[in-house]
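First the proteins, then the strands, lettered A, B, ... as listed; each starts at 1.
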2 protein chains.
Amino acid sequence: MAPRIVSEEDVLTGLTELFRGCGYEAATLTEIANATGLQKSSLYHRFPGGKQQMAAEVAAGVGERFAKDILAPLGKDGALDERVRAVGRKLTEFYASGHRACLLDALSFGEPGSAASDALKAAANAWADAFASVSREAGHRPAEALALAQDAIAAIEGALVIARITGDNRCFLRAIKRLPASLGLPPD
Amino acid sequence: MAPRIVSEEDVLTGLTELFRGCGYEAATLTEIANATGLQKSSLYHRFPGGKQQMAAEVAAGVGERFAKDILAPLGKDGALDERVRAVGRKLTEFYASGHRACLLDALSFGEPGSAASDALKAAANAWADAFASVSREAGHRPAEALALAQDAIAAIEGALVIARITGDNRCFLRAIKRLPASLGLPPD
DNA sequence: GTCTATACGACGATAGAC
DNA sequence: GTCTATCGTCGTATAGAC
């Protein structure tokens, strides 16, 4: 077959969607090759550390994009409640209204390696910190703000689990809708 | 080796703990044999449908025990808020204070087969129905009660994800503590 | 009903040509 | 940097003795 040049971004995107959909162990190299458009050996050229490195780079990459596209705008100027509603819209898109699994969950079973686990943990903490910052801005003390932030994230993660099992995504939509209240913003 | 007679209950317990810990795909037959104390061929004698049947029976078995040990007491006599606090204590034990993963999550990645998926869905719905019943008893209308129930379950499931990734189980403990309020019971 | 032994395909990973 | 071809291992699953 003629060599296909696939951009690094496309490779990471294909990897990400595959891991997100079926988890770490169930994503075989054959499926990864299909999803990325690269042969196995080409994948090993880009990821000498093998499947574990793929998972680690996926985790780190998603963490970066999540922080940049979704969390960073939270710190911009503008009314606090509007910023929170904006992040809710971004999350709804990111998780396809609740029908797409979260990589924090999908990559946390099996043996993805410590690099991936560390990246997941860092991403989860960055998310919590960003939400906690909002909660502090709304007037809550640091410890309480972090608790509210974690709980708001858990509501979303749990809703994704429920949606994946039952097919019912209303739980996710509610979690997004009450996000301002969950983070301790005053009612309208 | 001399034949070891292992009770069906012990086999199911070993299977359950293994699947819970590492998910469906990562649980290999070799590990399953170690966890149950049976050889692979003995496992196939008990589960002719192979690994998928093992997952299905684990899902069904846990659903049964969950319904019997944790949900059924919710319908017994006694003060409503005390019954809910009791279920909170049971859940704390069941999930080892948040450090043990939920099979709803662990068995929902990979290809566990439709029998297992159906059992998971049934278990999730039974849980939601039981919580919704509490919420109705507290005076909420059916649709609202179901929403509160799903959200309360999502808070727990999400907290388990957070705890698994970050090691921080406080989120789980908070979800249990606010369970009465989450289900719409009046404050003390 | 459990065991030992094995079949056989798929798995992650590598070699080497281009 | 991608390809074709292949390696050794481990995966699920079976055969057949006891």
key: Gap between atoms CD1 and P, on I32(A) and dG12(C) respectively (whole Å)   = 7 Å

request  = Measure the distance from CD on Q53(B) to P on dT14(D) and round it to the nearest whole Å.
outcome  = 12 Å

Nearest to side-chain heavy atoms of Q39(B), which nucleotide of dT2(C), dT4(C), dG1(D) = dT4(C)

key: Cluster link L74(B) to L148(B), ILVMFWY, side chain under 4.5 Å   = no

remark   = Residues of residues 13-29 of chain B with a heavy atom under 4.0 Å from any atom of DNA chain C, listed by number, are none

query = dT14(D) C1' sits how many Å from R46(B) CZ, rounded?
reply = 18 Å

key: Any donor-acceptor N/O pair under 3.5 Å between dC3(D) base and S42(A) side chain   = no

inquiry  = Between R89(A) and E82(A), does any side-chain N to carboxylate O distance fall below 4.0 Å?
reply    = yes

query = Mapping M54(A) and G37(B) to their closest nucleotides on DNA chain C, which lands nearer the 5' end?
reply = G37(B)

query = Does the distance from a Lys or Arg side-chain N to an Asp or Glu carboxylate O, for E137(B) and R83(B), drop under 4.0 Å?
reply = yes

ask   = Taking NE2 from H45(B) and P from dT12(D), how many angstroms apart are they, rounded to a whole number?
value = 20 Å

ask   = Hey, is E17(B) close enough to R20(B) for a salt bridge, meaning N to O under 4.0 Å?
value = yes

task = Can you tell me the distance, in whole Å, between the CG atom of L38(B) and the P atom of dT12(D)?
result = 16 Å

query = Do any side-chain nitrogens or oxygens of Y44(B) fall under 4.0 Å of OP1 or OP2 in dT14(D)?
reply = no

request  = Sequence neighbours left out, what passes salt bridge (charged side-chain N to carboxylate O under 4.0 Å, His left out) with E25(A)? Give chain and number order.
outcome  = none

ask   = Can you hop from F109(B) to F19(B) via hydrophobic side chains spaced under 4.5 Å?
value = no

query = Of all the nucleotides listed (dG1(D), dT12(D), dG12(C)), which has the minimum atom distance to the side chain of K40(B)?
reply = dT12(D)

message = Checking contacts here: which listed nucleotide (dC3(D), dT12(D), dT2(C)) is nearest the side-chain heavy atoms of K51(B)?
response = dT12(D)

remark   = Testing dG12(C), dT14(C), dT2(C) for proximity to the side chain of S41(A), the answer is dT14(C)

ask   = Salt bridge check: are E157(A) and R164(A) linked by an N-O gap of less than 4.0 Å?
value = no

